[in-house]
Amino acid sequence: MNYLIIGSGGREHAICWKLAQSEKAENIYCIPGNYGISLEKKCYIHKLSDMDFESEKSMKELFDFIEEKKIDLTIVGPEKPLVKGVVDEFQKRGLKIFGPDKYASQLEGSKEFAKKFMNKFQVRTADYVSFDKYNEALDYLKSLNSYPVVIKADGLAAGKGVFICRDFSQALVALDECMKKSKFGKAGDRILVEKYLDGVEMSILAVTDGKKMIPFVSSKDHKKLLDGDKGPNTGGMGVISPNPVMNEAIYDDFMKNCLLPTLNGIQTMEMNYKGILFFGLMIKEEKCYVLEYNVRMGDPETQSLLPLLKTDLVEIFEKTLGDDLDSLSIDWLNEFSTTVVMASGGYPDEYEKGFEISFDESNADKSTKIFFSGVSKSGDGKMVTDGGRVLSVTSIDKNKLNSIKKSYERINNIKFKGAFFRKDIGINTEE
Ligand code: AMP
Ligand code: GLY
């Protein structure tokens, strides 16, 4: 079988790497991929001249490639093509693709859509109000007598459209960025003002065919840039799986108040959803609240989870698309997995690219794995930085501290100008 992965990050590298381990996989193509992916066995990267996944030209190029390479199944990494309706286009042509359609992708594409869905189907979440008029939002924020509140742009904003506002002046900045300065374009034309929840965050990915939903092992992303959860939000600076706070009571609560009501909603609304649903959770006094849905695998959660997966990934994709999740059991190694992300200096704001990445592999523990994100090959064949999050290292071990230690030992031997990583991934995660 030939597979196509859409996307270019560490998540896509991890998917390609895991698929390559399957005996069923002959060739794995990644559009556009990154240089690191092209170094994996069976894996090839390919660039389209138009990567918008919407225009006629872009879709024609994509479908020509699929025909030429005899692709059997496509897996979509990032949210943008899903929200634009890439799955609908494939299904119209009778092509197999793993991911929700355009309608169902609104669970990530519109925070208001997701909130209405959660309220309708009694999925536990924070209370909110939404506004599409600046003055009404302003009056509401002035009238509040308790802060913090969370202000969120309704649409996709690459993880940057969420503001934790400690007082009215911070709320005003957020409101202006969304609705006056249009920092997120149309995505900020509507905002949600949400109750602030204090607790421990958890990510749970689940696979669904629209009738059944099977959760993966839990994980903990570290979204803030700096140690001790300080600094701005990022796409994710590191992950530990399973999430160290997970216990039976939390799992039961998650199933009862988050996963099962969500599945009921997907079924009741007859959503065309064959893919991954990601629950971004806040855990407060052993109660789970859904902060957000993502309609795809997380990055860097995927880099942490897939090394723990014992089941053939091909089987998960095929049984989902074949409406056969009843016969799927997903098995995991009973170990910890720690992923540490190495980023360019300046990320998540402006950063320079093109710095050579050097590896001292003399003492490298080969049981650890490097997943590449923002890397490319320079004219003279060297690996150079080409993005904000450049690479990540994952290590697994039965002992949590060893899995953390091994990732840091490996990443300490990787260097490039301005390289930055958090030093506390997996540590103090119970707070
Ligand atoms: P989201 O994109 O909605 O997951 O929000 C990004 C991040 O903002 C989350 O990972 C949390 O750290 C934080 N966040 C979002 N909503 C809330 C909330 N209601 N209370 C506290 N923190 C939140
Ligand atoms: N790690 C969170 C995300 O993928 O959005």
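Both ligands and their constituent atoms are indexed starting at 1 by order of listing.
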Q: Should Glu292 be counted as touching ligand 2, given the test is an N or O pair under 3.5 Å?
A: no

Q: Quick check on the 6.0 Å ring-centre criterion: do Phe279 and Phe254 meet it?
A: yes

Q: If you count the atoms of ligand 2 from 1 in the order shown, which ones are under 4.0 Å from a heavy atom of Glu301?
A: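 With Glu301 as reference, the close atoms of ligand 2 come out as 1 (N), 2 (C).
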
Q: Is there side-chain contact between Ile75 and Ile6, with heavy atoms separated by less than 4.5 Å?
A: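 The answer is no; the side chains never approach within 4.5 Å.
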
Q: Measure up the Phe372 and His13 rings against each other and bin them: parallel (under 30°), tilted (30 to 60°), perpendicular (over 60°).
A: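 It falls in the parallel class, under 30°.
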
Q: Which residue, Lys115, Lys111, Lys152, forms the salt bridge (Lys or Arg N to Asp or Glu O under 4.0 Å) with Glu292?
A: Lys111

Q: List every atom of ligand 2 that sits less than 4.0 Å from any heavy atom of Asn294, numbering the atoms from 1 in the order shown and giving each element.
A: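 Counting from 1, the qualifying ligand atoms are 3 (C), 5 (O).
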
Q: Tell me the contacting part of Arg11 for ligand 2: side chain, backbone, both, or neither, using a 4.0 Å heavy-atom threshold, strictly below.
A: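 The answer is neither.
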
Q: Which ligand 2 atoms are under 4.0 Å away from a heavy-atom of Asp221?
A: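 So the atoms of ligand 2 that pass are 1 (N), 2 (C).
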
Q: Relative to ligand 2, is Arg296 under 4.0 angstrom through side chain, backbone, both or neither, heavy atoms considered?
A: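 For Arg296, the contact with ligand 2 is made by the side chain alone.
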
Q: Going by atom types only, do Asp50 and Ser55 share a side-chain donor-acceptor pair under 3.5 Å?
A: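 Distance-only check passes for Asp50 and Ser55.
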
Q: Under 4.0 Å from a heavy atom of Gly298: which atoms of ligand 2 are those, numbered in the order shown and with their elements?
A: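 Taking each heavy atom of Gly298 in turn, ligand 2 has 4 (O) under 4.0 Å.
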
Q: Looking at residues at least two apart in the chain, or sitting in another chain, which of them share a ring-ring contact (aromatic ring centres under 6.0 Å, His included) with Phe121?
A: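 Partners of Phe121 under the ring-ring contact (aromatic ring centres under 6.0 Å, His included) test: Phe117.
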
Q: The criterion is side chain to side chain contact (heavy atoms under 4.5 Å, CB included); which residues satisfy it with Asn272, sequence neighbours excluded?
A: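 Testing Asn272 for side chain to side chain contact (heavy atoms under 4.5 Å, CB included), a comparison that skips the adjacent residues, returns Gln91, Asp101.
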
Q: Restricting to side chain to side chain donor-acceptor pair (under 3.5 Å), what partner residues turn up for Thr208, sequence neighbours left out?
A: none

Q: Ligand 1: which residues have a non-hydrogen atom closer than 4.0 Å?
A: Lys111, Val150, Lys152, Val162, Ile164, Glu194, Lys195, Tyr196, Leu197, Glu201, Lys223, Asn233, Met282, Leu291, Glu292

Q: Hey, would you say the Phe113 and Tyr103 ring centroids sit under 6.0 Å apart?
A: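 When the ring centroids of Phe113 and Tyr103 are compared, they turn out to be within the sub-6.0 Å range.
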
Q: Do the ring centers of Phe65 and Tyr29 come within less than 6.0 Å of each other?
A: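 Here the rings of Tyr29 and Phe65 have centres that are less than 6.0 Å from each other.
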
Q: If we only consider heavy atoms of Gly280, is any one of them less than 4.0 Å away from an atom in ligand 2?
A: no

Q: Does ligand 2 have an atom that lies less than 4.0 angstrom from a heavy atom of Gly236?
A: no

